[in-house]
Amino acid sequence: MEIAKTYNPQEAESKWYPYWMEHKFFKSVPDSRTPYTIVIPPPNVTGVLHMGHMLNNTIQDVLIRRARMRGFNACWVPGTDHASIATEAKVVKLLADKGIKKTDLSREEFLKYALDWKEKYGGIILEQLKKLGASCDWDRTRFTMSEDMSEAVIDVFIDLYNKGHIYRGVRMVNWDPQGMTAVSDEEVVHKEASSKLVFVKYMIEGSKEYITVATTRPETIMGDTAVCVHPEDERYKHLKGKKCIVPVVNRAVPVIFDTYIDMEFGTGALKVTPAHDINDFNLGQKHKLPVIDALTPDGKISEAAGAYVGMDRFAARKQIIKDLQEQGLVEKIEEIKNKIGYSERTNAVIEPKLSMQWFLKMGDVSKPALEAVMNGEVKLIPEKFVNTYKHWMENVHDWCISRQLWWGQQIPAWYDSKGNTVVCKTKAEAVELLKTKNSELKPEEVTQDPDVVDTWFSSWLWPLTVFDPKVIQKGWDNANEDLKYYYPTNDLVTAPEILFFWVARMIIAGKEYTGKSPFSNVYLTGIVRDQLGRKMSKSLGNSPDPLDLIAKYGADAIRVGVLFSSPAGNDLMFDTPLEITDETPLESKYCEQGSKFANKIWNAFRLVKGFEIGKVKQSASAAAAITWFENRFSEQLEIINDQYSKYKMSDALMTTYKLIWDDFCAYYLEAIKPEFVDGKSMPIDPETYYKTISLFEDVLKVIHPWMPFLTEELWHLVNKRGPKDSIMISKWPEVKSTDAKLLKEFEAVKQIVTEVRSIRQKKQISPNEKLEVFEKSDASRSTFDDVVVKLANLSSFSYTKQKVEGATSFMVFTTEFFVPLAKYINSDEEKEKLIKELDYEKGFLKSVQVKLANEKFVSNAKPELVEKERKKESDALSKISSLEEQLKNL
RNA sequence: AGGGAUGUAGCUUAGUGGUUUAAAGCGCUGCUCUUACAAAGCAGAGACCGUGUGUUCGAAUCACACCAUCCCUACCA
């Protein structure tokens, strides 16, 4: 069979993913094995795969594939999140394009459109994950708004309400005028902006005097109900009891005094707009001021404002400034920097707005969740996030959980016409309950709250309800087999930015409903940035489409590429071009390294496959190489396992990479490779051949979590396989005890080989010319002599008790080696080399001797350390005397 | 404004008081198409570990200050 010279990833990817699916290798059902479980952070139904998903899901897949091979019952639960605001916005826009207004539709009609949209587009991202090789149990695919999952959300709402954790009230909330809904504190992104600070004159009633206030939001002037100054402020003390005239609407409002005011800022006078600023609202409460809501929910000037009605808030701002300037009421305008809140979902400027909302009291429920992280029940990786977590949990505000949307779980609160409220599941129950408060109740007047709950109020149940949606109703003790088996899950892999949004809240819900945290470890990935350190985003145009990268380099290469330099919690500076356009080629050195690695392994296979088995005896070098590689493999595997256990993913990958490239390919395969004689390969002995196949299989196994497609392809080529076989379900290799002395000896072999190669390089001696090497030692033979002969291409490797004349020399550890090279020796070069080495050794010796001469070191340092230094000293001395002798002989 | 994190070769990282005078991968330079792989092989150059001051017999590693970058929290109109 002709084997392609280069690995073709596309072919393997299209072959093996369907194979895995067909044989249900991803599927998990409870059994007697120990479970290993990951629930996916459900991507939005509106989402498409981006680099963040790429990183995140590769890590999850590596963890789950390795766990599966280690004999755990591995279960990775996939699914999507309904994303209220984003999805509703998408559907509203889609309808608008068809000329349909949301307000023209009934709730049911709208939800039908939304569901259709979800059916059509909501699964795209999951299909994309398959291209990556994600080994999710697709039979368990969940959706946060499916009927059973939604019912659990409603049950939780009712339960928490009955426990007194949920309340309804008028509060200042973050209003998204584009999404036309409240959003939580966590969904507001504050960004620095340069704004105009407008100094506006407010005339004092019945006087020609005026007071100047500074504002960045002139469009809220119509909502002003006072001007506030500091009671100690000498400039304004005389205004006590006076009123001033609000411009535009010419309303007289009181001048009030409060220590809240910062006298230094602006003019020390603040216009008070209780409906549009949280602090003004508090001031208004304190001073019993009226509230005038000057804005409509969609961010336009309201009827109540009395002027500029219907104008957009930003247009109104400009217009008002212009009009005030014309009236001579603007004293000056300054440019200032301030922070402006934007909606995470729609990017609209957030408007503080008073409104009636539902809240979850966070005080009590958050305590067990804080404790779980502090006492190590939940480990955050890296640990540095514990501080951040603690800070947030100790300063947590009540959570606004209602959203003025239709796409989501409708709040199970019911009202009558007299202002009574009950919380329960069905209208029938509500009627009964309301009757106890209102004896004249007519069933038809009972209405349900039109709002839905925050999406996070549903996804915080994710690790529970993906297994048993009924757990809230039945209680943890009656949970189904799945939940009992898989919960608590093991690892959660997610981005630090949703540590509070989601992770903290899942712990809260887990603690509340099962008494247990939903996972043991939370691995927080870095943020994927470009080479300038900017977060990759659509709007910047610096984010490559992962599918394009996969098409170019192959999925395995990308998986390896993104993890090569991404330690936990540190951002990943990805190296694709700064601007992704159709013209610039999509290039990434990281991915290239990944694809070169795939090709390297592929070619190692080609070599092995080309071996011809013959009736020959195993060579000494092959036997020695096998022993060495078995030891080396175990030694490195132990390190790799340890790195995994510490979630040092990049390190585990790098160690694996070097084990394969350097040890397996560059040393092992070179050592066992049969000789070429007269342009023909000699046959290999069966023992070495079969051992090599088995070692190759071990090597494939340890890289399989990273490169599932390539390894599956080779798994089937390297040996005969049954019809249902897969490397996916093979066993992760065991660590065996290793011979440290032997490993150390081979390190010397590597150095000898390097030294000989270096001599060839310097003397321009062809790699084909065989050389002779002598080791100055009392020994007469050691295990790896034949390996040295082979790798360094020697005619002989022998031992001598005296120095060899007419030879160049080198040292490995403290042993001297000679290479007779009479015709190549150039004593000047030799001298130079020796002097350079001698200088280094003398410098080193000095640094050691300084330490040893220091009495305080000798008396204070641990005895074994002093011993070590003495050993260093004697080694250096022996090297120096040997070097000096060589110099003398030249 | 407050809090936190990070700063080690051109890039990405490892190293958290003494295992050679700082390690690796990529990149770079030079040489080699040697029959698995030029998507390769071989060799080499390259960092006084952000800056400064301390603690210590000894500091990349600990402390303090400063600088830079990033993140989080906060109502400065």
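Residue numbering restarts at 1 for every chain, and letters A, B, ... go by the order of the sequence lines.
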Selection from B:U12, B:G4, B:C37 that lies nearest to any side-chain heavy atom of A:M573:
B:U12
With A:E635, which residues qualify under salt bridge (charged side-chain N to carboxylate O under 4.0 Å, His left out), at least two apart?
A:R632
Using ring pair (Phe, Tyr, Trp, His ring centres under 6.0 Å) as the criterion, list what pairs up with [X], not counting sequence neighbours.
X	value
A:Y202	none
A:F611	none
A:W399	A:F457, A:W460
A:Y668	A:F629, A:F664

Nucleic acid footprint by protein, nucleotides 71-77 of chain B - heavy-atom cut-off 4.0 Å, B for base, S for sugar-phosphate alone:
S-SBBBB
For each nucleotide in nucleotides 24-32 of chain B, reading 5' to 3', give B when a protein heavy atom comes within less than 4.0 Å of its base, S when such contact involves only the sugar-phosphate, and - otherwise.
SSSS--B--
Strictly below 4.0 Å: does A:S766 bring a side-chain N or O up to OP1 or OP2 of B:U34?
no
Looking at B:U34, I'd like to know if its phosphate oxygens (OP1 or OP2) sit under 4.0 Å from a side-chain N or O belonging to A:K673.
no
Only pairs with both distances under 3.5 Å count, Watson-Crick or wobble alike; so what is the partner of B:A40 in this structure?
B:U32
With sugar-phosphate meaning primed atoms plus P, OP1 and OP2, does A:E383 contact a base, only sugar-phosphate, or nothing at under 4.0 Å between heavy atoms?
nothing
Please name all residues satisfying side chain to side chain contact (heavy atoms under 4.5 Å, CB included) with A:K770, sequence neighbours left out, ordered by chain then number.
A:N793, A:S795
Quick one: side chain to side chain contact (heavy atoms under 4.5 Å, CB included) partners of A:N542, sequence neighbours excluded?
A:D530, A:R534, A:M536, A:S537, A:L540
Protein-nucleotides 54-64 of chain B N/O pairs closer than 3.5 Å?
residue : atom : partner : partner atom : Å
B:C57   : O2'  : A:N854  : ND2          : 2.3

Check residues 855-866 of chain A and write down every donor-acceptor pair under 3.5 Å in which the side-chain atom is one partner and the other belongs to a residue at least two apart or another chain.
residue : atom : partner : partner atom : Å
A:S859  : OG   : A:E855  : O            : 2.8
A:S859  : OG   : A:K856  : O            : 3.4
A:N860  : ND2  : A:K856  : O            : 3.2

Decide if atom CD of A:E394 counts as having more than 12 heavy atoms of other residues, nucleotides or ligands within a radius under 6.0 Å.
yes
Apply side-chain hydrogen bond (donor to acceptor under 3.5 Å, both in side chains) to A:Q643 and list each qualifying residue two or more places apart in sequence or on a separate chain.
A:T655
